[in-house]
Amino acid sequence: MKEDTIEITSFHAHVYFDTASQDVAARVREGLGARFEVRLGRWFDKPIGPHPKGMYQVAFLPNQFDQVVPWLMLNRQGLDILVHPETGDAVADHMDHSLWLGKKLDLNIEFLRQLKPHLN
């Protein structure tokens, strides 16, 4: 039987936007930065890596999950957001261990598979 317990070192939230919703994404980002000690990543206006549209990443610690994620649930203002753990297995983290707020987008998982072999 596979080991049940996986160590989560951090979480990432990817906040997706397009040109029409970039101002909304900026307001959500400001709210996150004002309320929580999170690491706000760079803005990407175009798809990058496995992400199918513009986004920015928000990194936070496991002990912040119960505050950051509910805040995102209630304040995402219609944006689609991927939340996933960091366990060392990027493919599983993005596909199997993730949760979506809003619409689930199709990720380019082949990009992640090329970065690091999938752990079994």
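This one's a predicted model, so the numbers in the text were calculated from it and none came from an experiment.
- Side chains of Tyr16 and Ile81 form no contact here, defined as non-hydrogen atoms less than 4.5 Å apart.
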Would you please test Glu110 and Arg113 for salt bridge (charged side-chain N to carboxylate O under 4.0 Å, His left out) and show each step?
CA-CA 5 Å; Glu110 286 307 312; Arg113 285 192 177 113; 2.8 Å; yes
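- Interatomic distance, Met95 CE to Leu107 CG, rounded to the nearest 0.5 Å: 6.5 Å.
- Asn75 is not listed as a side-chain neighbour of Val28, based on a closest heavy-atom distance of 4.5 Å or more.
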Enumerate donor-acceptor pairs with a distance under 3.5 Å from any side-chain N or O in residues 52-65 to protein atoms, sequence neighbours excluded.
unit_1 : atom_1 : unit_2 : atom_2 : d
Tyr56  : OH     : Ala25  : O      : 2.8
Tyr56  : OH     : Arg29  : N      : 3.1
Gln57  : OE1    : His12  : ND1    : 3.3
Gln64  : OE1    : Leu61  : N      : 2.7
Gln64  : NE2    : Glu37  : O      : 2.9

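- Taking Ser98 as the reference, nothing meets the side-chain hydrogen bond (donor to acceptor under 3.5 Å, both in side chains) condition, with sequence neighbours excluded.
- Counting heavy-atom neighbours within 6.0 Å of Asp23 CG, excluding the residue itself, gives a total of 12 or less.
- Side-chain contact between His51 and Phe44: absent, with no pair of heavy atoms (C-beta onward) separated by less than 4.5 Å.
- Rounding to the nearest 0.5 Å places CG of Leu99 at 11.0 Å from NZ of Lys104.
- With a 4.5 Å cut-off on side-chain heavy atoms, Leu82 and Val15 do not count as touching.
- Under the 4.5 Å side-chain heavy-atom criterion for ILVMFWY residues, a single connected hydrophobic cluster contains both Leu79 and Phe11.
- Taking the side chain as every heavy atom from C-beta outward, Val68 and Leu32 approach each other to under 4.5 Å.
- Residues passing the side-chain hydrogen bond (donor to acceptor under 3.5 Å, both in side chains) test with His84, sequence neighbours excluded: His14, His94.
- Asp93 is not listed as a side-chain neighbour of Ile8, based on a closest heavy-atom distance of 4.5 Å or more.
- For the atom pair Gln77 CD and Ser21 OG, the distance stands at 10.5 Å (nearest 0.5 Å).
- Using a 4.5 Å cut-off on side-chain heavy atoms (C-beta onward), Leu105 and Trp100 make contact.
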Kindly indicate, with the supporting measurements, whether the criterion side chain to side chain contact (heavy atoms under 4.5 Å, CB included) is fulfilled by Thr87 and Thr9.
CA-CA 6 Å; Thr87 68; Thr9 58; over 6 Å; no
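- Contact check for Val91 versus Phe111: no side-chain heavy atoms found under the 4.5 Å cut-off.
- For the atom pair OG1 of Thr19 and CG of Asp45, the computed distance is 9.0 Å after rounding to the nearest 0.5 Å.
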